[in-house]
S.K.: 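A single structure is presented below for examination.
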Amino acid sequence: MFDLDSIQEIWATITRNKTRSVFTAFGVFWGMVMLMVLLGCGLGLERSMLEKWGDTSTNAAFFFQGTTSKPYKGFKKGRKVQFKMDDIDALRHKFSEIDKCSPIVWSSAKKVLYLDKSTTGINMMGLASDYNSINPCKLIEGRFLNHIDEVQSRKVCVIGSKVKNDLYGASDARGTIIWINGAAYTVIGVMEKMADINLFGSPEESIYVPYTTLAQTSNKGDKIDCISLAARKNVNIEDFQKDVASYLKEIHSVDPDDEQGIGMFNTKQFFDLFSMLFLGIRILIWIVGLGTLTAGMVGISNIMLVTVKERTQEIGVRRALGASPYVIIRQVMSESLVLALIAGLLGLMAGVLISAVADNILSSQPADDQIIEGLYVPFNVAIGVLIVLVLSGLLSGLMPAYRAIKIKAIDALRDE
């Protein structure tokens, strides 16, 4: 399509009126800059939100005790449903689809002491070791709770980084004894802040202990507050959680149609919500970016129409000498494509440069303050943008090319 003569002719046409070409190309350049920067911001925001979820299972479900809204089997409505330890074993026996399952016991560490330092109002949760696979936490020191801790009801705990800083400062907390609500616990691990999005409060401001230990120290016996589970791969969690909820209703004599007796949610709902949100953001970005780019392409199309008008005699002579419509169309569309590519590639590079500079500035900020994670456009998206650029360049030359082949040789030779 491009030989040396064609390239020289295209360049001569573009540079014939430099000012006009520059101003026309600037529209495409600016459209490409806008598109690349917007894509970088949108994808960076998406990466940031996904990073905040960490390694949370996308196939997890949580079940909460509710208050019945319907009478059932002799029980009046308004009865408080109470989960028990036996429910966990019953669920494991009933459903082979369950991969991990953990009870949750809630409490509050009203006062936490270490030597002469203290902190108050800390969220306290009793968990099983499986919980770290359902809703993982990041450890900066030590280890998480294990099965032996549960079985032996050990008084061990994993504390959040804020709790650790309040009590220990820069010192190592592992192996030390802290007092929680008057009971002594050995610190076995420290959790760091994972995200601004947390299912049950921020880990950095929490203390995790074995659920069996917390049930004993808080006099809850075999009562638990919540059931968390992760289903095996290829299990539809939305359908599966309904089956689990129905079974829990059966165990606790709750009307199958009572929506308030047992509450539930699954992490897939959150991921689907975010997926729809970011799909909308992507669509909006492409609409805005392509709208700006289209305005630039319209400018190229208009300038090519003017160029065709100025070259009426030249095109007429070519037609008289036997040039086919294909040759005329190819020449006009090639000029349009080259002008669009030059402006577009410069805009793409400028957009990448702006994104890189902005990313360096954002990276220098504290991690907790970063809203966007990595302000850059992946290679495959950049290739997609280039394809759009090429197609737009060709489309912008269609109308001028159509006008060119409509020129009759005899009329062109008479044109002043």
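Source: prediction; values computed, not measured.
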S.K.: Give me the atom names and distance for the closest heavy-atom approach of A25 to L339.
M.R.: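 In terms of heavy atoms, the two residues are closest at CB-CD1, 4.2 Å.
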
S.K.: Please walk me through it: do V385 and W286 pass side chain to side chain contact (heavy atoms under 4.5 Å, CB included)?
M.R.: CA-CA 10 Å; V385 171; W286 277 102; 3.8 Å; yes

S.K.: Does any donor atom in the side chain of S107 or S218 lie under 3.5 Å from an acceptor atom in the other side chain?
M.R.: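 Checked: S107/S218 side chains show no N/O donor-acceptor pair below 3.5 Å.
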
S.K.: Please lay out, stage by stage, how V209 and V156 fare under the test side chain to side chain contact (heavy atoms under 4.5 Å, CB included).
M.R.: CA-CA 6 Å; V209 301; V156 294; over 6 Å; no

S.K.: Run the salt-bridge test on D243 and K94 with the 4.0 Å N-O cut-off and return the result as yes or no.
M.R.: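 Salt bridge between D243 and K94, a charged N being under 4.0 Å from a carboxylate O: no.
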
S.K.: Compare all side-chain heavy atoms of V254 with those of V81 and state whether any distance is below 4.5 angstrom.
M.R.: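 SC-SC contact between V254 and V81 confirmed.
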
S.K.: Main chain of N59, side chain of K268: is a donor-acceptor contact present, judged purely on distance under 3.5 Å?
M.R.: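 Such a contact is absent between K268 side chain and N59 backbone.
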
S.K.: Nearest heavy-atom pair of M32 and G344: which atoms, and what distance?
M.R.: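 Looks like CG-O, 3.2 Å.
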
S.K.: Is the shortest side-chain heavy-atom distance between D149 and N146 below 4.5 Å?
M.R.: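 Yes, at least one pair of side-chain atoms sits under 4.5 Å.
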
S.K.: Does CE belonging to M399 count more than 12 external heavy atoms closer than 6.0 Å?
M.R.: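 Atom CE in M399 is not crowded, with 12 or fewer foreign heavy atoms closer than 6.0 Å.
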
S.K.: To the nearest 0.5 Å, how far apart are CG in L348 and CG in L353?
M.R.: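 Those atoms lie 11.5 Å apart.
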
S.K.: Is there a donor-acceptor pair closer than 3.5 Å between any side-chain N or O of N165 and the backbone N or O of A170?
M.R.: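 No; zero donor-acceptor contacts below 3.5 Å.
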
S.K.: Between CE of M297 and CG of L290, what distance do you get to the nearest 0.5 Å?
M.R.: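 Reported to 0.5 Å precision, the distance equals 10.0 Å.
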
S.K.: State, to 0.1 Å, how close A401 and M333 come at their nearest heavy-atom pair, and which atoms those are.
M.R.: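 Between these two residues, the closest heavy atoms are CB-CG, 4.0 Å.
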
S.K.: Within the distance-only criterion (no hydrogens, no angle test), does the side chain of R232 pair as donor or acceptor with the backbone N or O of S96 below 3.5 angstrom?
M.R.: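 Yes, the answer is positive, given that a donor and an acceptor are paired below the 3.5 Å cut-off.
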
S.K.: Between V105 and L214, is there a side-chain heavy-atom distance shorter than 4.5 Å?
M.R.: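 Counting from C-beta outward, L214 and V105 do come under 4.5 Å.
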
S.K.: Any sub-3.5 Å donor-acceptor pair from K111's side-chain atoms to W179's backbone N or O?
M.R.: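 No, K111 side chain to W179 backbone: no donor-acceptor pair under 3.5 Å.
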
S.K.: List the atom pairs, donor and acceptor, that lie under 3.5 Å between side-chain atoms in residues 121-128 and the rest of the protein, sequence neighbours left out.
M.R.:
unit_1, atom_1, unit_2, atom_2, d
N123, ND2, F200, O, 3.4
N123, ND2, S206, OG, 3.4

S.K.: Decide yes or no for L229 and F240: does some side-chain heavy atom of the first lie under 4.5 Å from some side-chain heavy atom of the second?
M.R.: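 Of all side-chain heavy-atom pairs linking F240 with L229, at least one is under 4.5 Å.
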
S.K.: I'd like to know if the side chain of S396 reaches the main chain of V298, judged simply by a donor and an acceptor atom lying under 3.5 Å from each other, with no hydrogens or angles considered.
M.R.: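 Answer holds: no.
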
S.K.: Can any side-chain N or O of N132 pair as donor or acceptor with the backbone N or O of L145 at less than 3.5 Å?
M.R.: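 No.
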
S.K.: Which of these, T120, I159, T119, V112, sits in a side chain to side chain contact (heavy atoms under 4.5 Å, CB included) with D166?
M.R.: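 One option only clears the test, and that one is T119.
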
S.K.: Nearest 0.5 Å, what's the CG-OG1 distance between L35 and T292?
M.R.: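 It comes to 8.5 Å.
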
S.K.: Once the angle between the rings of Y131 and Y208 is folded into 0 to 90°, is it parallel (under 30°), tilted (30 to 60°) or perpendicular (over 60°)?
M.R.: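 Aromatic pair Y131/Y208 classed perpendicular.
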
S.K.: Between E150 and S129, do the side chains contain a donor N or O and an acceptor N or O under 3.5 Å apart?
M.R.: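 Yes, side-chain donor-acceptor contact under 3.5 Å.
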
S.K.: Just wondering, more than 12 heavy atoms not from K80 lying within 6.0 Å of its NZ?
M.R.: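 Yes.
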
S.K.: Do other residues, nucleotides or ligands put more than 12 heavy atoms under 6.0 Å from the CG atom of N234?
M.R.: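 Open.
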
S.K.: Taking all heavy atoms of N181 and all of S108, pick out the closest pair and write down the distance.
M.R.: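 So the minimum-distance heavy-atom pair works out to ND2-O, 3.0 Å.
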
S.K.: Determine whether a donor-acceptor pair (N or O, by modelled atom type, separation under 3.5 Å) exists between the side chain of D87 and the backbone of K84.
M.R.: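 Pair found, side chain donor or acceptor close to backbone of K84.
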
S.K.: Check step by step if side chain to side chain contact (heavy atoms under 4.5 Å, CB included) holds for V22 and F29.
M.R.: CA-CA 10 Å; V22 168; F29 169 84; over 6 Å; no

S.K.: Under a 4.5 Å cut-off applied to non-hydrogen side-chain atoms, are I88 and I224 in contact?
M.R.: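 I88 vs I224: side chains touch.
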
S.K.: Can a donor-acceptor pair be found between the side chains of T68 and D258 at a distance below 3.5 Å?
M.R.: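 Checked: T68/D258 side chains show no N/O donor-acceptor pair below 3.5 Å.
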
S.K.: Above 12 or not: heavy atoms from other molecules or residues under 6.0 Å from NZ of K220?
M.R.: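 Result for NZ/K220: enclosed.
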
S.K.: Any side-chain heavy atom of L395 within less than 4.5 Å of one from L398?
M.R.: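 They are in side-chain contact.
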
S.K.: Has S118 got a side-chain atom pairing as donor or acceptor with Y114's backbone, closer than 3.5 angstrom?
M.R.: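 Answer holds: no.
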
S.K.: Using 30° and 60° as the class boundaries, would you call the ring planes of H252 and F83 parallel, tilted or perpendicular?
M.R.: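 Geometry flag for F83 against H252: tilted rings.
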
S.K.: Does the plane of the ring in F64 sit parallel, tilted or perpendicular to the ring in W106? Use 30° and 60° as the thresholds.
M.R.: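 F64 vs W106 ring planes: parallel.
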
S.K.: Is the shortest side-chain heavy-atom distance between I188 and E141 below 4.5 Å?
M.R.: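 Side-chain contact under 4.5 Å: no.
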
S.K.: Could you measure the distance from the CD atom of Q241 to the OG1 atom of T267? Nearest 0.5 Å is fine.
M.R.: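 Q241 atom CD to T267 atom OG1 measures 9.5 Å (nearest 0.5 Å).
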
S.K.: Atom NZ of K155 and atom OG1 of T213: how far apart are they, to the nearest 0.5 Å?
M.R.: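 Those atoms lie 8.0 Å apart.
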
S.K.: Do T176 and Y168 pair up side chain to side chain, a donor and an acceptor below 3.5 Å, judged on atom types alone?
M.R.: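 The criterion, which ignores hydrogens and geometry beyond distance, is satisfied for Y168 and T176.
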
S.K.: Has the side chain of S228 got a donor or acceptor atom that lies under 3.5 Å from a matching backbone atom of S102?
M.R.: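 The answer is yes, because a donor-acceptor pair under 3.5 Å joins these two groups.
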
S.K.: Write down the atom of P400, the atom of S301, and the distance for their closest heavy-atom approach.
M.R.: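 In this case the closest contact between P400 and S301 is CG-O, 3.5 Å.
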
S.K.: Between R92 and C101, is there a donor-acceptor pair closer than 3.5 Å when you use the side chain of the first and the backbone of the second?
M.R.: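 Yes; judged by distance alone, with no hydrogens or angles, the pair exists.
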
S.K.: Tell me whether R282 at atom CZ has more than 12 heavy atoms from other residues, nucleotides or ligands lying less than 6.0 Å away.
M.R.: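 Open: at most 12 neighbouring heavy atoms sit under 6.0 Å from CZ of R282.
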
S.K.: Take F95 and Y247 through the ring-ring contact (aromatic ring centres under 6.0 Å, His included) test and state the conclusion after the steps.
M.R.: CA-CA 10 Å; F95 298 102; Y247 184 61; 5.7 Å; yes

S.K.: At what distance, to the nearest 0.5 angstrom, does CG of N266 lie from CE of M264?
M.R.: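 It comes to 8.5 Å.
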
S.K.: Kindly indicate, with the supporting measurements, whether the criterion side chain to side chain contact (heavy atoms under 4.5 Å, CB included) is fulfilled by V37 and V33.
M.R.: CA-CA 6 Å; V37 172; V33 170; 4.3 Å; yes

S.K.: What pair of heavy atoms forms the shortest contact from A61 to I237, and how long is it?
M.R.: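 For A61 versus I237, the nearest heavy atoms are CB-CD1, 4.0 Å.
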
S.K.: If you define the side chain from C-beta out and look only at heavy atoms, does anything of E204 sit under 4.5 Å from M191?
M.R.: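 They are not in contact (no side-chain heavy atoms under 4.5 Å apart), so the answer is no.
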
